[in-house]
*Asks:* 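Take a look at the following structure, please.
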Amino acid sequence: MKKNILDFLKEELPLSPNFRAKQIFQWIYQKGAKTFEEMSNLPKKLREELAEKFEIGVPKILNVEKSRDGSKKYLLGLKDGHTVEAVLLPMKKEQRDEKGNIVKEAKYTVCVSSQVGCKVGCEFCLTAKGGFVRNLTPGEIVGQVLAIKEDNNIAANRRVNIVYMGMGEPLDNLENVAKAVKIFSDENGLSISPRRQTISTSGLAPKIKKLAEKNLGVLLAISLHAVDDELREKLMPINKAYNIKSVIDAVKEFPIDQRKRVMFEYLMIKDLNDDIKAAKKLVKLLNGIKAKVNLIYFNPYPGSPFQRPDEKRVKEFQEYLLKHGVLCTIRESKGLDISAACGQLKEKESGCSV
Ligand code: SAH
Ligand code: SF4
């Protein structure tokens, strides 16, 4: 069986002389090559050898849902027939001068999946409902970005930001995710610095430490969602193994760029965790951490046990945090009309929920 060349770091490609690996990276990641055949500055014999051993395994786009705000959610097919989701989020529109020339390029973030399904089993998450199937390989993670960039005519050499917030728990697939971070950041490839890559975790405390040891330079996001263990255990069973204190302790040890912050995601669920008492506790909990909080509206799906909170409640929560010195943003309801929370498109496709 052919190997997926996207699974390999440049140093791992068994090629001599060395600059051949560099050229191959440039072809795939910067010029968007689909075949080895078209890599015209490689000797013909090498191209043939490569085509025998490798394939350029970009996942297939099976479905796209467009949101009114411009975000696009992709259902991607993997080689073995499993599917995952990835989302393109436009962050800033391109700017043109009066003659129509682009003066500032648009900015994008791509949200990638790290596993087919997830073991963690959070109560509010659709991905959890399908159980765990398997880890994605580094190339399957990297390939999601290649597929999306191409589909949107985003120039191959344009950088995008990466968030590991699609399906799956990235730290439960740490080795492959760490490798994807490195492949993304290769200067002959997509050249996406680790500081533009955010790994989001439900709080696997020992794995946060392992990630810290790897010193990749990535940003960290913690899906906190509750400020007391009792509620967090109900929402996220993983809290029984690693409680809030253990997660916070691990975060305190995590190396982070002086100019950056650890992001705490807080899913606001109506009448469950959206009151000022919770905001107060959150301020205390984050004391001493360079943090920023991102409040997310719970995105209901058919049959979901929870509801979307009132806008007023979310705003008050945010104001409380800001007043007490905690940076806090509210995640735009990006893609709300396209069922943008993780797992929702996939569930639709398999006919489970709609
Ligand atoms: N497993 C990792 C990363 C993927 S989940 C993690 O949990 O952090 C990405 C984010 O989507 C998490 O913060 C998760 O809590 C959130 N999410 C899951 N279901 C959601 C829903 N129905 N509405 C809004 N956000 C949701
Ligand atoms: Fe897994 Fe994250 Fe969904 Fe929890 S929220 S089940 S950790 S993907």
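Counting starts at 1 for both ligands and their atoms, in listed order.
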*Asks:* Report, in ascending order of atom number, the atoms of ligand 1 lying under 4.0 Å from any heavy atom of G166.
*Replies:*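 By the 4.0 Å cutoff, the relevant atoms are 4 (C), 5 (S).
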*Asks:* State plainly whether the residues K323 and E319 are in salt-bridge range, i.e. N to O under 4.0 Å.
*Replies:*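 Salt bridge absent between K323 and E319.
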*Asks:* Would you indicate which of G168, P237, G166 comes nearest to atom 2 (Fe) of ligand 2 when only heavy atoms are counted?
*Replies:*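 Shortest heavy-atom distance from atom 2 (Fe) of ligand 2: G168.
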*Asks:* Is E175 paired with K214 through a side-chain N to carboxylate O contact shorter than 4.0 Å?
*Replies:*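 The answer is yes: the pair qualifies as a salt bridge.
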*Asks:* Give the atom numbers and elements of ligand 2 that come within less than 4.0 Å of a heavy atom of C118.
*Replies:*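 Result: 1 (Fe), 6 (S), 7 (S), 8 (S).
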*Asks:* Check if H225 has a non-hydrogen atom at a distance under 4.0 Å from any atom of ligand 1.
*Replies:*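 H225 counts as a contact of ligand 1 under the 4.0 Å cut-off.
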*Asks:* With respect to atom 17 (N) of ligand 1, which of Y301, Y266, F124, F298 exhibits the smallest heavy-atom separation?
*Replies:*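 The nearest heavy atom belongs to F124.
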*Asks:* Would you say C125 reaches atom 4 (Fe) of ligand 2 with an N/O/S atom under 2.8 Å?
*Replies:*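 Checking atom 4 (Fe) of ligand 2 against C125, no N, O or S atom falls under 2.8 Å.
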*Asks:* Does the distance from a Lys or Arg side-chain N to an Asp or Glu carboxylate O, for E187 and K22, drop under 4.0 Å?
*Replies:*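 Looking at E187 and K22, the cut-off is not met.
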*Asks:* Which atom pair, heavy atoms only, marks the closest approach of V251 to I289?
*Replies:*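 Shortest heavy-atom separation between V251 and I289 comes out as CG1-CG2, 4.1 Å.
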*Asks:* Does a side-chain N-to-carboxylate-O contact under 4.0 Å join R47 and E52?
*Replies:*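 Result for this pair is no, no salt bridge flagged.
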*Asks:* Looking at E49 and K45, is there a salt bridge between them, counting it only when a charged N and a carboxylate O are closer than 4.0 Å?
*Replies:*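 Salt bridge: yes.
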*Asks:* Do NZ/NE/NH1/NH2 and the carboxylate oxygens of K209 and E213 come within less than 4.0 Å?
*Replies:*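 Salt bridge: no.
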*Asks:* Mark up the atoms of ligand 1 that fall under 4.0 Å of a heavy atom belonging to G168, in ascending order.
*Replies:*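 Result: 1 (N), 2 (C), 3 (C), 4 (C).
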*Asks:* Of all the atoms in ligand 1, which lie at a distance below 4.0 Å from a heavy atom belonging to E265?
*Replies:*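 Result: 13 (O).
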*Asks:* At less than 4.0 angstrom from any non-hydrogen atom of A128, what atoms of ligand 2 do you find?
*Replies:*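 Answer for ligand 2: 6 (S).
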*Asks:* For F306, state whether at least one heavy atom is located under 4.0 Å from any atom of ligand 1.
*Replies:*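 Heavy atoms of F306 never come under 4.0 Å of ligand 1.
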*Asks:* Are D249 and K245 ion-paired here, with the side-chain N under 4.0 Å from a carboxylate O?
*Replies:*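 A salt bridge links D249 with K245.
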*Asks:* Under 4.0 Å from any heavy atom of G121, which atoms of ligand 2 are there?
*Replies:*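 Those qualifying, in numeric order: 6 (S).
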*Asks:* In terms of side-chain heavy atoms, does N4 have a donor or acceptor partner in E55 at a distance below 3.5 Å?
*Replies:*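 The answer is no; no qualifying pair exists.
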*Asks:* Has C118 got any heavy atom lying under 4.0 angstrom from an atom of ligand 1?
*Replies:*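 The answer is no, since C118 has no heavy atom less than 4.0 Å from ligand 1.
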*Asks:* Does a donor on one side chain and an acceptor on the other come within less than 3.5 Å for D151 and Y74?
*Replies:*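 Yes.
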*Asks:* Looking at E140 and R134, is there a salt bridge between them, counting it only when a charged N and a carboxylate O are closer than 4.0 Å?
*Replies:*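 Salt bridge present between R134 and E140.
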*Asks:* Using a heavy-atom cut-off of under 4.0 Å, does the side chain or the backbone of E169 touch ligand 1, or both, or neither?
*Replies:*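 Both backbone and side chain.
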*Asks:* Enumerate the atoms of ligand 1 whose separation from the nearest heavy atom of Y297 is less than 4.0 angstrom.
*Replies:*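 Counting atoms of ligand 1 from 1, those under 4.0 Å from Y297 are 24 (C).
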*Asks:* Under 4.0 Å from a heavy atom of Y164: give me the atoms of ligand 1 that qualify, with their elements.
*Replies:*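 In order of numbering, the contacting atoms are 3 (C).
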*Asks:* Check ligand 1 against T201 and write out every atom of the ligand that is under 4.0 Å from a heavy-atom position of the residue.
*Replies:*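 In order of numbering, the contacting atoms are 6 (C), 8 (O).
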*Asks:* Out of A128, C111, S223, who is nearest to atom 8 (O) of ligand 1 when you count heavy atoms only?
*Replies:*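 Result: the heavy atom closest to atom 8 (O) of ligand 1 is in S223.
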*Asks:* May I ask which of P170, C122, G203 has a heavy atom nearer to atom 4 (Fe) of ligand 2 than the others do?
*Replies:*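 Among P170, C122, G203, the closest heavy atom to atom 4 (Fe) of ligand 2 belongs to C122.
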*Asks:* If the cut-off is 4.0 Å to any non-hydrogen atom of S202, which atoms of ligand 2 fall inside it?
*Replies:*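 Once the distances to S202 are compared, the set is 7 (S).
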*Asks:* H225 pairs by ring-ring contact (aromatic ring centres under 6.0 Å, His included) with which of F306, Y266, F124?
*Replies:*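 The passing option is F124.
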